Amino acid sequence: MSAAVLAAAPPRPAHRDPQVLRWLGAYTASTVGDSVYYLALSWAAVSSGSPAQAGLVMAVSAVPRALLLLFGGVIADRLGPRRVVLASDTARCLMTLGLAAVLLATSPGLWLLAAAALVFGAVDAVFLPAVGALPPRIAARDQLARVQGLRGLAYRMGSVLGAPLGGLAVATGGPASAFGAAGALFALSLPLLRALRLRPLPAEEKLPAGEKGEKGEKADGPVLRDLADGLRHLRGHRVLGPLMITILLADLGFVGPLNVGLALLAEQRGWGAPGIGWLLAGFGAGAGAASLLLAVRGRLPRAGATLGWTMILGAAAVAALAFAPRLPVAVAVAVAVGLLAGVSGALCHALVQTECDPAYLGRVSAVSSLGSLGLAPLGMPLTGAAAGLWGTGPVFVAGAAVCALSGAFALTVPSLRRAELPR
């Protein structure tokens, strides 16, 4: 078969591409490992100190992640996303297995658990941008929206499988067993990542074959200069600049009320722990359905406008949660919240992937993750304090207002409203 025929051959669908499936398997193993790790850490912290101390241990991961996330994006673009993800999962594997060994030998103090949480947060700061930068290096541009749908399904699977797996490990062998299971899952991702063969960037076409697909656009010079270059790329982009503002507003309005508010709502209405379980299950089912929709269809028409309207409708659903009189009604509303938030979130990720120059994707992914993974978790205590002062209802309504503002902003910026995903 001639080279011209091969070049004209259509790319494989994402769900049949071995490269995408390897990446998806590694991402799923790593996501499940994350869930098991956090459950093990929370159990070990509760067993070693007071609830307040345990909460502090769980929160410290967010500090280095928030402070270092933008620099993690620079590292991902400099060294190449595959290398950074490999190094990050290796570090997480060794750290969790080391914690398991320590717990088997002795009872560590809270200081050791807090130190491990800090290290884990710092590793996350380089892992998250690199994961976001990998899809354009393994899939054709017209398959990136489908890849984001598959990624969303893998993330939901990690959340669903991680908690019971971690609970079973804790029940059978204590936190040491759960840390060991998390380490094994991180280890499982390593051979899959090593088997990836990445597409070279245009700047890499003249490199030797063994170096293609490994390095970013730049590998030297001051780190701050690279960071400034990435921020300039965002500021000057007609779609990405407004999209980052939209994502940040949505994260600030969504993360606190949904993570803190659902538990408070279930407690105030007398639904108890089973109630919050049903609410989270409803949200997860809706978000999973949204990811499946994008994975099957491959794209949604009028992506920018759809993004804005689903954010506004999702904001209305968030506000409605505060007034749901009974648990079945609240669960149905939670399904709607998950579906609408899942669609808008998947479209945000897909537009980032398709609009961004791959040489800047680590830095752009870092900026897009800064709200939900860096800044919003630090605001959760403020959300709890506000709920204590004014009640759960006003917190949901205020969060919904910010989410609606993000959707309205997306609709008022012509370049973002008219953005489309590639066919």
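The structure presented is a predicted model; accordingly, all values stated were derived computationally and were not measured.
A pairwise comparison of heavy atoms in Ala330 and Trp271 identifies CB-CH2, 3.7 Å as the closest pair. Nearest heavy-atom pair, Val36 versus Ala181, reported as atom, atom and distance to 0.1 Å: CG1-CB, 4.3 Å. Nearest heavy-atom pair, Ala182 versus Thr96, reported as atom, atom and distance to 0.1 Å: C-OG1, 4.1 Å. In terms of heavy-atom proximity, Asp89 sits nearest to Ser30 at OD1-OG, 3.3 Å.
Within a 6.0 Å sphere centred on OH of Tyr155, other residues, nucleotides and ligands contribute 12 heavy atoms or fewer.
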| request: For the pair Val367 and Leu231, evaluate side-chain contact (heavy atoms from CB on, under 4.5 Å) and give the outcome as yes or no after the intermediate values. | output: CA-CA 9 Å; Val367 173; Leu231 295 177; 4.1 Å; yes
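In this structure, Asp229 does not pair ionically with Arg363, as no charged nitrogen and carboxylate oxygen lie closer than 4.0 Å.
Residues Leu68 and Val126 are not in side-chain contact: their nearest non-hydrogen atoms beyond the backbone lie 4.5 Å or more apart.
Ring-plane geometry between Tyr27 and Trp23 is classed as parallel, the angle between the planes falling under 30 degrees on a 0 to 90 degree scale with a further cut at 60. Ring pair Phe120/Tyr38 is perpendicular by interplanar angle, where above 60° counts as perpendicular and below 30° as parallel.
Of the possible polar contacts, none joining the Ser369 side chain to the Ala366 backbone as a donor-acceptor pair under 3.5 Å is found.
Of the listed residues (Thr246, Ile245, Asp251), just one forms a side chain to side chain contact (heavy atoms under 4.5 Å, CB included) with Leu249, and that residue is Ile245.
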